[in-house]
Amino acid sequence: MSEVGVNLHEAESGKQVPEAPCPDQGKPPRTDSSSTDLQGLPPALSSPPAESSLLSLPWEILTHIASLLPAHFVLNVLPKVCRTLSTVGDDTTAWQLRAQRLIGSRARFPVGPREDFKWPTSCLEIEQLITCWAGEVQHVAKHSEETADERDQAGLQERGLPAGGYENVGGDEVDGVGVAAQEVAYGADEGMEVVMEAEDGEVQPVLDGDQMARLREELEGRLEVGAAAQMEDGRMLLDADAGQGAPHHDQNERAHPRYLDYRAQVEMIQNKSSRSPSPPPALECITLPSSHIAPVNSVLLLGGKGALCATASRDYNVKLWDLEAGSDGALLHTLQSQGDFTSHRGWAWCLASQGSLLASGGFDGTVRLWDLEAGGADRGLIRARAAILCSSWQTDVLLAGTLDKRINMYDTRAAEPLIKSVRLHGDGVMCLAADDRYIISGSTDCTVAVYDRRALKALKRIKMSSYLSVMSYSGCEVWAGDNKGMLRSFSMESGNLKLLSQFDVGHTALVTGIHKSQGSLYTCSTDKTTKIHIPCGPPRTLCTLHHSAAVHGLSVEAGILALAYDDVTVDIWRPRK
């Protein structure tokens, strides 16, 4: 047992360790206490007999122990210790139970199809999301309380409230916590509006109790679930009231870097046991140096590691940033063609990338290509007949949705890049998502369409009560945000797009950005908020960031979150070094 423990410690610290011999491989564990004794322990405790070692335990007990370890440890550390322990992470049922423990039994996960779902990846992402953003809530709130305490107390006294208290403006609110705090309560199902809209308009419940019951029955035959440690229920809020309701500023004032007054409150409700001390803050937030002179409409992280960032603005320019230069990043290039003073001759509106190439679409009806490896050099101009509203770059084709109701497909390697232009909607195309075969698009005519690239034909068109403004396609799930602040989820299998659910996560205006992966969901809105969720049904909102300006777009890569604002600034949230 001690040798396995030493190997686990060395593996977690990143050292290369030889594989520990397993008892079933014919080589008994070492019994020489002089080489394996732990400091301070007698030989009888530091060198247990082979029959009482970790690997001699029943397989069900081993998997149960592994279920209590962090997902990254199971996936990255245990395989370095022993061949037997490397197979612990192959148990799909154990990962499903881990996801249920993280999310709660009343939420459906995944919302879409379960076939071929990557359970280990999703659990790993969920745990990382909780670690980063729940910790950031506590850190920002603590820092804000220290810096704004005197000012807050003075304001309370001016309003005739006792020092040390909070004004309760709603009779049903929890002590000193606003409605927003209750809406983003982690792990709480109460008060959440959740419906499923079938194609015939019938409303059905989202939660699938039969599936959960079958999963529990399968587990009970192998493991004592009741003994499993349950993740503590808690409620967290980042309520940074950054100038909400402030008067409109003129252009000169908006050109200055934004000061976010993070006056945060945190409410934590513990139902079972006291929480261990919180780890150091996992994230830091930087604001890129002010360079644009008009609202930033789009932001895109590049390179796979989030080291580069591109921004597109209504000042007609596209800029490239080095996020690793200095403490707050640095401007690398303002992308321009020879003889031009700006990147576009109209608003620079959307961004897409593939390999070393960056594509920017603008209201001047052009798509411009830039070579990132050549310092942002001009690599071509594609002319369209109308403003470019959205874009998506697949391996073999660049897609662009336009104001004149069309989806254009381009081969950027060809002298005549236009492959095909199709009209699937009756109004401008606001958002696109695609894979190697299908294109999914949303329009302001309140329709969603599916197009088969190989068969060159439209497959389906769904009429909705609102229009989709942004879209994210991951696995067999499509998540989208609409102009009313609602989120919608779809399943996508073999060209059959099916509307699954509609969720109210608290946005009150147009959803301008969405990113969905196996275990994370990010959304932002012109209501001046960004929300971080677990993508279950209904979504678990871990954190709400309040800003001083409308959020026009977001990008997520390698755990880094980039946000573009109406007040010409860009924020980067990234793991703390």
Side-chain angles (χ1 to χ4, degrees), residues 108 110-115 193-206 208 389-392 394 399-409 420-505 507 510-516 521 523 525 535-539:
R108 181 176 177 178
V111 176
R114 299 169 67 92
E115 294 77 12
E193 178 183 354
V194 184
V195 295
M196 176 183 293
E197 295 181 0
E199 293 184 19
D200 58 2
E202 181 182 357
V203 178
Q204 302 173 354
V206 171
D208 191 341
L389 301 182
C390 56
S391 59
S392 175
Q394 303 303 305
L399 306 173
T402 66
L403 185 61
D404 65 351
K405 315 168 189 178
R406 294 185 174 275
I407 299 173
N408 297 333
M409 292 167 262
K420 191 173 181 63
S421 180
V422 296
R423 178 173 171 175
L424 306 176
H425 302 280
D427 210 335
V429 180
M430 289 292 294
C431 54
L432 285 171
D435 58 16
D436 59 352
R437 181 166 181 176
Y438 303 107
I439 301 172
I440 309 167
S441 57
S443 166
T444 49
D445 66 358
C446 299
T447 63
V448 182
V450 181
Y451 183 82
D452 190 326
R453 290 173 48 198
R454 299 179 185 177
L456 300 179
K457 67 177 183 179
L459 298 180
K460 193 169 187 177
R461 194 164 178 261
I462 302 175
K463 182 69 176 178
M464 308 182 70
S465 59
S466 58
Y467 72 82
L468 301 184
S469 51
V470 288
M471 192 179 293
S472 180
Y473 189 6
S474 174
C476 293
E477 292 183 25
V478 179
W479 286 68
D482 69 13
N483 61 313
K484 297 180 180 179
M486 303 294 290
L487 301 187
R488 297 173 186 265
S489 65
F490 304 80
S491 67
M492 178 66 181
E493 294 182 290
S494 302
N496 182 26
L497 183 69
K498 182 178 180 181
L499 177 61
L500 295 178
S501 309
Q502 174 178 292
F503 303 113
D504 183 358
V505 296
H507 286 306
L510 177 76
V511 180
T512 53
I514 188 168
H515 172 88
K516 191 268 175 183
L521 176 64
T523 59
S525 169
C536 54

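The figures that follow rest on heavy atoms only: side chains count, while hydrogens, waters and symmetry mates do not.
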Spell out, as yes or no, whether a donor-acceptor pair under 3.5 Å connects the side chain of [X] to the backbone of [Y].
X	Y	result
Asn483	Tyr467	yes
Ser443	Thr447	no
Lys484	Ser466	no

Which atoms form the tightest heavy-atom contact between [X] and [Y], and what is the distance?
X	Y	value
Leu432	Cys390	CG-SG, 3.7 Å
Arg454	Asp436	NH2-OD2, 3.9 Å
Leu497	Phe490	CD1-CB, 3.5 Å
Asp427	Thr444	CG-OG1, 3.1 Å

Side chains of Ser501 and Arg108: any donor to acceptor distance under 3.5 Å? no
Please walk me through it: do His425 and Ser441 pass side-chain contact (heavy atoms from CB on, under 4.5 Å)? CA-CA 9 Å; His425 302 280; Ser441 57; 2.7 Å; yes
Partners passing salt bridge (charged side-chain N to carboxylate O under 4.0 Å, His left out) against Arg437 (at least two apart in sequence or in another chain):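 In terms of salt bridge (charged side-chain N to carboxylate O under 4.0 Å, His left out), with neighbours along the sequence ignored, Arg437 is linked to Asp452.
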Using the test salt bridge (charged side-chain N to carboxylate O under 4.0 Å, His left out), find all partners of Arg453 that sit at least two apart in sequence or belong to another chain.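 With sequence neighbours excluded, Arg453 shows a salt bridge (charged side-chain N to carboxylate O under 4.0 Å, His left out) to Asp396, given in chain and number order.
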Where at least one partner belongs to residues 471-480, residue pairs that pass salt bridge (charged side-chain N to carboxylate O under 4.0 Å, His left out), sequence neighbours excluded: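 The answer is Glu477-Lys516.
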All pairs passing salt bridge (charged side-chain N to carboxylate O under 4.0 Å, His left out) where residues 440-449 contributes a residue, at least two apart: Asp445-Arg461
How many angstroms lie between atom [atom1] of [X] and atom [atom2] of [Y], to the nearest 0.5 angstrom?
X	Y	atom1	atom2	answer
Met486	Phe503	CE	CZ	9.5 Å
Leu399	Asn408	CG	CG	9.5 Å
His507	Asp482	NE2	CG	10.5 Å

I'd like to check the side-chain contact (heavy atoms from CB on, under 4.5 Å) partners of Thr512; sequence neighbours left out, ordered by chain and number.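 Partners of Thr512 under the side-chain contact (heavy atoms from CB on, under 4.5 Å) test: Leu510, Cys524, Thr526.
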Among residues at least two apart in sequence or on other chains, which ones pass side-chain hydrogen bond (donor to acceptor under 3.5 Å, both in side chains) with Gln394? Ser392
Note, Met492 side chain near Asp435 side chain (heavy atom, < 4.5 Å):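 No, every pair of side-chain atoms sits at 4.5 Å or beyond.
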Around atom NZ of Lys457, are there more than 12 heavy atoms from other residues, nucleotides or ligands closer than 6.0 Å? no
